[in-house]
Each structure stands twice: as structure tokens, then as C-alpha cells.
Amino acid sequence: MATPSLTRFAWLSIGAAVNGTVERVELQQGDRVTSGQTLIRIVCDDLKARLAQRVAERQATAAYYRKLVNGARKEEREIAQHELSLTEARLTEAQARYNRSAALTQTNSVSVSVRDVDDRDAHMAAAQRDVARSKVALLLAGTREEELAEAKARDAAAGRAVEDAKAELDKCEVKSPVSGIVLRKNVSEGELISIYYPKPLMVVSEVQGYRVRAEVDEYDVAYVRVGQS
């Protein structure tokens, strides 16, 4: 039987997907690597800052959406109800004062101008009572459906922005797509890399899945079996 030979030697040239400076090279030539293991770390302070900003924006939109879902607090409803009671009491007082001045005007006990002032105060008290009623009704009604939908959409968009920022930051870690051995290391720490002038940063060779071609004499074919050493 002839000596077998490899017909496939799998190796991959691995590059970067972002511009930056090499912060750290995790593996050297000849080191073994597993699929998904980080090979090179790239300095990406701007992307880290962007992610932090996106996270803060997401927290704000999520908090606002929860606020709309929860509606007014119990204390807010109680305050509004107390304000309504206060305006109703003021209205009752203002109407009573106007009724007195209107009656006294008939006997010329008070001037018409006093009656007019009391009439104005009664109308103002009634308007304030109506505003307080509307405020109570608004708090009891809760958030409108379209406001909830808008806040939910903004929160979802902020969430997607966070995921996009995370995906960009993940590119700062160059990882091996396969398990194997590092054949070549083409970069050093502190070196500037650019996606506009791409080059292989590392070359990794797989160590599994080789295919072998071998010539077998006719006399030996009958002795070859599947699974044979």
C-alpha cells in the first residue's frame, strides 16, 4: 500500500471589521485555539462610549413607558381630588357672596360695582372648579392608547440601537471561527489596522476533518474495510 497524502489543508486568513489600534494579541504562532476564542483585541473607546449612551437612552425610554403604563400615582389622584374639593368650597362661598350683594343691590345697600366684583369672583371660582374636575377625570382615565403605542415604539427603537451598538463593539474582539492552530501572527500590539487597507491579522488552520487519498494495490483491495486502521 502506498503512503497516504493529505488532499485538503484547511486554513483561514482572519481580518478585522473595524478600524483601530491593536490593544492586545491573545495568542501566538503555534498556539491552539477553539472556535469563538478571542485572538486579538482592538481599542474601541468611541464604540464603548456610544454603547453607554445608547444604554442610557434605553433606560430613559423604558422608564417613560413604564410611567405611562402605570398611570397616575395614588397620591396624585388624592391631591387632585383635594384640589377639586377646595375649588368647590370656594365656588360655594363666591356664589353666596354674590347672592348677598345682588339682594342688597335691590335695596341700594351696596353699590352695583360691588355686586359686579362678586359676580366676577363667582365665575372665576366656577372656572377653577371645572379645571379641577377635568384634572381628576384625566388622571382617572389614564394614558391614551396612542401615547402608549408611541412610547412603546420609542422604547423598542432604543433597544435595537443598544443591540446595534453591542454588535459594533463585538467587532473589536477578533475571534476565531474554527478550532485549530495559529499558523501565523501578522500584527503586534499598538499597530494600527484599517478596513480600507485590509490584511490578514492571523492565519488559523483547522486540525480536524482532513481527507486522505491513498493508492492501494489490486492485491490488497480485498483486505480493505470501512473503519479499518
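Here the structure is a predicted model, which is why all the values come from computation and not from measurement.
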Beyond-backbone contact of Arg50 with Leu47, side-chain heavy atoms, under 4.5 angstrom: yes

Is Glu191 paired with Lys199 through a side-chain N to carboxylate O contact shorter than 4.0 Å? yes

Should Lys135 and Glu83 count as an ion pair when the cut-off is N to O under 4.0 Å? yes

So Val204 and Ile14, do their side chains get closer than 4.5 Å, heavy atoms only? yes

Taken to the nearest 0.5 Å, the spacing of Tyr64 OH from Glu147 CD works out to 6.0 Å

From CZ (Arg54) to CG (Leu51), nearest 0.5 Å: 9.5 Å

Once rounded to the nearest 0.5 Å, what's the spacing between atom OG1 of Thr61 and atom CZ of Arg66? 9.0 Å

Is there a path of hydrophobic side-chain contacts, each under 4.5 Å between heavy atoms, that joins Leu139 and Leu68? no

What's the separation between atom CD in Glu206 and atom OG in Ser35, rounded to the nearest 0.5 Å? 9.5 Å

Quick one: do Glu173 and Arg41 make a salt bridge, cutoff under 4.0 Å? yes

Do Asp155 and Arg58 come within less than 4.5 Å of each other through their side chains, counting heavy atoms only? yes

ILVMFWY cluster, Leu169 and Leu39 together (side-chain gap under 4.5 Å): no

In Å, rounded to the nearest 0.5 Å, how long is the span from CG of Leu86 to CG of Leu91? 11.5 Å

Between Glu26 and Arg24, does any side-chain N to carboxylate O distance fall below 4.0 Å? yes

Under a 4.5 Å cut-off applied to non-hydrogen side-chain atoms, are Val114 and Ser111 in contact? yes

Looking only at heavy atoms, what is the nearest atom pair of Val22 and Ser188, with distance? CB-O, 3.5 Å

Is it the case that the side chain of Glu168 and the backbone of Ala165 share a donor-acceptor pair, with hydrogens and angles ignored and the cut-off at 3.5 Å? no

Val25 reachable from Val182 in the ILVMFWY side-chain graph, under 4.5 Å edges: yes

Which atoms form the tightest heavy-atom contact between Leu148 and Tyr65, and what is the distance? O-CE1, 3.7 Å

Do the side chain of Asn99 and the main chain of Gln95 share a donor and acceptor less than 3.5 angstrom apart? yes

For residues Met202 and Asn186, determine if any side-chain heavy atom of one lies less than 4.5 Å from a side-chain heavy atom of the other. no

Check: Leu84 and Gln81 side chains under 4.5 Å, non-hydrogen atoms: yes

Return yes when atom CD of Glu146 has more than 12 non-hydrogen atoms of other residues, nucleotides or ligands closer than 6.0 Å, and no otherwise. yes

Looking only at heavy atoms, the pair that brings Gln128 and Thr87 closest together is O-CG2, 3.8 Å

For Ser176 against Val33, the heavy-atom pair lying closest together: CB-CG2, 3.7 Å

Val174, Val18: one ILVMFWY side-chain cluster at the under-4.5 Å cut-off? yes

Linking I/L/V/M/F/W/Y whenever their side-chain heavy atoms sit closer than 4.5 Å, directly or via other members, would Val136 and Ile79 fall into one cluster? no

If you compare all heavy atoms of Leu201 against all heavy atoms of Ile40, which two are closest, and at what distance to 0.1 Å? CB-CD1, 3.6 Å

Given side chains that start at C-beta, do those of Asp116 and Val112 come closer than 4.5 Å, heavy atoms only? yes

If you measure from CD on Glu23 to SG on Cys44, what distance do you get to the nearest 0.5 Å? 8.5 Å

Check the surroundings of atom CZ in Arg154: do more than 12 heavy atoms from other residues, nucleotides or ligands lie under 6.0 Å from it? no

So for atom CD, which belongs to Glu218, do other residues, nucleotides or ligands contribute more than 12 heavy atoms lying within a distance under 6.0 Å? no

Report yes or no: does Asp31 contribute a side-chain atom to a donor-acceptor pair with the main-chain N or O of Leu27 at less than 3.5 Å? no

Could you check whether any side-chain heavy atom of Ile193 comes within less than 4.5 Å of a side-chain heavy atom of Ile42, counting everything from C-beta outward? yes

Side-chain donor/acceptor of Gln228 to backbone N/O of Arg225, under 3.5 Å: yes

Heavy-atom closest pair, residues Lys175 and Gly36: CD-O, 3.4 Å

In terms of side-chain geometry, is the basic nitrogen of Glu93 or Arg90 positioned less than 4.0 Å from the acidic oxygen of its partner? no

